[in-house]
K.L.:
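Could you have a look at this structure, given as structure tokens, before my questions?
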There are 2 protein chains.
Amino acid sequence: MMGRAKIEIKRIENKANRGVTYSKRRKGLIKKAYELSVLCDTDISLLMFSPTGRLTSFSPKQRCYVPSLIISFFFFVIIST
Amino acid sequence: MMGRAKIEIKRIENKANRGVTYSKRRKGLIKKAYELSVLCDTDISLLMFSPTGRLTSFSPKQRCYVPSLIISFFFFVIIST
DNA sequence: CTCACTATTTATAAATA
DNA sequence: TTATTTATAAATAGTGA
């Protein structure tokens, strides 16, 4: 979608490339979520599993801190079932 | 951050502008989350409260559907406390 | 994994209708 | 107001170290 070449939105089969793209886009997504929460004074919670199964939880507003952890727990439990 | 002029990342005080920006950026954030989930074959869950308190829940992968709803419920309950 | 570079695509702020 | 347009800012794909 951006950069040197336009890419199709479909699963990246190469594992290394998938990991690199995940890192880059996760960073971008977290930044966007942060900006939206500040600009619009809203609560946002973002949960992601990396291709290797690592969980990222992001909730920019302070009062989301505890809920985020709790939600992550349920998410993890349920998704792993 | 984008567009005709660079803006500072701080709360938009004008209510109408805040709503417009929320709509635009929510759309962008959901698109980015969708793309990341497809490209990297990951589970993502995104929860947002609009400036007027409306909840948006987004989980692009099918198997996130139920967890998303459950998480939304806990999020709502806890955040409202 | 992480950083930098940068051409190119995408997102969006402001303007316009 | 809501929708569309457009000029510009920002994100990022590919590449290399």
Side-chain angles (χ1 to χ4, degrees), chain A residues 1-62 64-65 68-69 71-73 75-76 79-80, chain B residues 1-62 64 68 71-72 75:
Chain A
M1 300 301 287
M2 298 167 166
R4 292 296 183 85
K6 181 171 179 171
I7 62 164
E8 212 186 328
I9 301 303
K10 65 174 187 181
R11 179 187 152 94
I12 298 168
E13 294 304 334
N14 181 281
K15 192 177 177 179
N17 288 349
R18 194 162 68 245
V20 170
T21 294
Y22 179 79
S23 292
K24 285 185 178 181
R25 281 178 174 258
R26 177 183 61 186
K27 186 181 168 186
L29 195 62
I30 287 174
K31 187 178 179 186
K32 288 287 190 186
Y34 162 75
E35 292 181 354
L36 180 55
S37 77
V38 172
L39 288 170
C40 302
D41 195 21
T42 57
D43 288 307
I44 294 181
S45 183
L46 185 58
L47 301 168
M48 292 172 275
F49 279 95
S50 79
T52 56
R54 256 179 78 175
L55 178 64
T56 296
S57 169
F58 177 71
S59 296
K61 296 198 77 176
Q62 200 74 356
C64 285
Y65 180 63
S68 165
L69 286 180
I71 289 163
S72 299
F73 174 72
F75 189 81
F76 182 75
I79 213 80
S80 301
Chain B
M1 298 298 292
M2 299 168 168
R4 293 295 184 85
K6 181 171 181 173
I7 60 164
E8 213 187 327
I9 302 302
K10 64 175 188 180
R11 180 188 152 95
I12 298 167
E13 295 303 333
N14 182 281
K15 192 177 177 179
N17 289 348
R18 195 163 67 245
V20 168
T21 294
Y22 179 78
S23 293
K24 286 184 179 180
R25 282 178 172 258
R26 178 183 61 187
K27 186 182 169 186
L29 194 62
I30 287 175
K31 186 178 180 188
K32 289 285 189 186
Y34 162 76
E35 292 181 354
L36 181 55
S37 76
V38 172
L39 289 169
C40 303
D41 195 21
T42 56
D43 289 306
I44 294 182
S45 183
L46 186 56
L47 301 169
M48 290 173 276
F49 279 95
S50 78
T52 57
R54 254 179 80 174
L55 178 64
T56 295
S57 169
F58 177 71
S59 297
K61 299 199 75 173
Q62 200 74 354
C64 285
S68 166
I71 289 163
S72 298
F75 189 80

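No experiment lies behind these values; they were computed from the predicted model shown. Numbers restart at 1 for each chain; the letters A, B, ... are given by sequence-line order, proteins then strands.
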K.L.:
May I ask you to test the B:Ile44-A:Leu47 pair for a side-chain heavy-atom distance under 4.5 Å?
P.N.:
no

K.L.:
Say you draw a straight line from NZ of A:Lys31 to CD1 of B:Ile9; how long is it, rounded to the nearest 0.5 Å?
P.N.:
8.0 Å

K.L.:
Output the rounded distance in Å from CD (B:Glu8) to P (C:dT12).
P.N.:
18 Å

K.L.:
Could you state the atom-to-atom distance from CZ of A:Arg18 to P of C:dC1 in whole Å?
P.N.:
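It is 12 Å, rounded to the nearest whole Å.
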
K.L.:
C:dA11 phosphate, OP1 or OP2: any side-chain N/O from B:Lys31 under 4.0 angstrom?
P.N.:
yes

K.L.:
Which value, rounded to the nearest 0.5 Å, describes the distance between A:Thr52 atom OG1 and A:Arg18 atom CZ?
P.N.:
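It is 10.0 Å, given to the nearest 0.5 Å.
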
K.L.:
Tell me which of B:Ala16 and A:Gly28 sits closer to the 5' end of DNA chain D, going by the nucleotide each one is nearest to.
P.N.:
B:Ala16

K.L.:
Counting side-chain heavy atoms from CB outward, which of D:dG14, D:dA11, C:dA13 is closest to B:Arg25?
P.N.:
C:dA13

K.L.:
Kindly say whether, by distance alone, the side chain of B:Lys27 makes a donor-acceptor pair under 3.5 Å with the base of C:dA11?
P.N.:
no

K.L.:
In whole Å, what is the span from the CZ atom of B:Arg26 to the C1' atom of C:dA13?
P.N.:
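So the CZ-C1' distance, B:Arg26 to C:dA13, works out to 18 Å.
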
K.L.:
Hey, does the side-chain of B:Arg4 have a donor or acceptor N/O within less than 3.5 Å of a partner on the base of D:dT6?
P.N.:
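For B:Arg4, whose side chain was compared with the base of D:dT6, there is a donor-acceptor pair (under 3.5 Å).
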
K.L.:
Write out the stems for DNA chain D, ordered by first number and formatted as range with range, counting runs of at least 3 consecutive Watson-Crick or G-U wobble pairs under 3.5 Å.
P.N.:
C:2-17 with D:2-17

K.L.:
Between D:dT15 atom P and A:Ile7 atom CD1, what is the distance in whole Å?
P.N.:
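From A:Ile7 CD1 to D:dT15 P: 13 Å.
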
K.L.:
To the nearest angstrom, how far is A:Asn17 atom CG from C:dC1 atom P?
P.N.:
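Taking atom P of C:dC1 as the reference, CG of A:Asn17 is at 11 Å.
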
K.L.:
With a 3.5 Å cut-off and heavy atoms only, can you find an N or O donor on one side and an acceptor on the other between the side chain of A:Lys6 and the base of D:dA13?
P.N.:
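Side chain to base: no pair present.
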
K.L.:
Between B:Leu39 (CG) and D:dA13 (P), how many Å, whole number?
P.N.:
7 Å

K.L.:
State which of C:dA14, D:dA13, D:dA11 makes the closest approach to the side chain of B:Ala5.
P.N.:
C:dA14

K.L.:
Tell me, do B:Cys40 and A:Thr21 make a side-chain contact under 4.5 Å, heavy atoms counted?
P.N.:
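Yes, side chains in contact.
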
K.L.:
Between B:Lys32 and D:dT12, does any side-chain N or O lie under 4.0 Å from OP1 or OP2?
P.N.:
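So the side chain of B:Lys32 is within the cut-off, an N or O lying under 4.0 Å from OP1 or OP2 of D:dT12.
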
K.L.:
Could you grab the distance from atom CZ of B:Arg26 to atom CE of B:Met48, nearest 0.5 Å is fine?
P.N.:
6.5 Å

K.L.:
Quick check for you: to the nearest 0.5 Å, what is the distance between B:Ile12 atom CD1 and B:Ile7 atom CD1?
P.N.:
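Here the interatomic distance stands at 5.5 Å.
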
K.L.:
Do A:Arg25 and B:Leu39 have side-chain heavy atoms sitting under 4.5 Å apart?
P.N.:
yes

K.L.:
Taking atom C1' of C:dT9 as reference, at what distance in whole Å does atom NZ of A:Lys24 sit?
P.N.:
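For the pair A:Lys24 NZ and C:dT9 C1', the rounded distance is 14 Å.
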
K.L.:
Could you state the CG-C1' distance from B:Leu36 to D:dA11, rounded to the nearest angstrom?
P.N.:
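From B:Leu36 CG to D:dA11 C1': 13 Å.
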
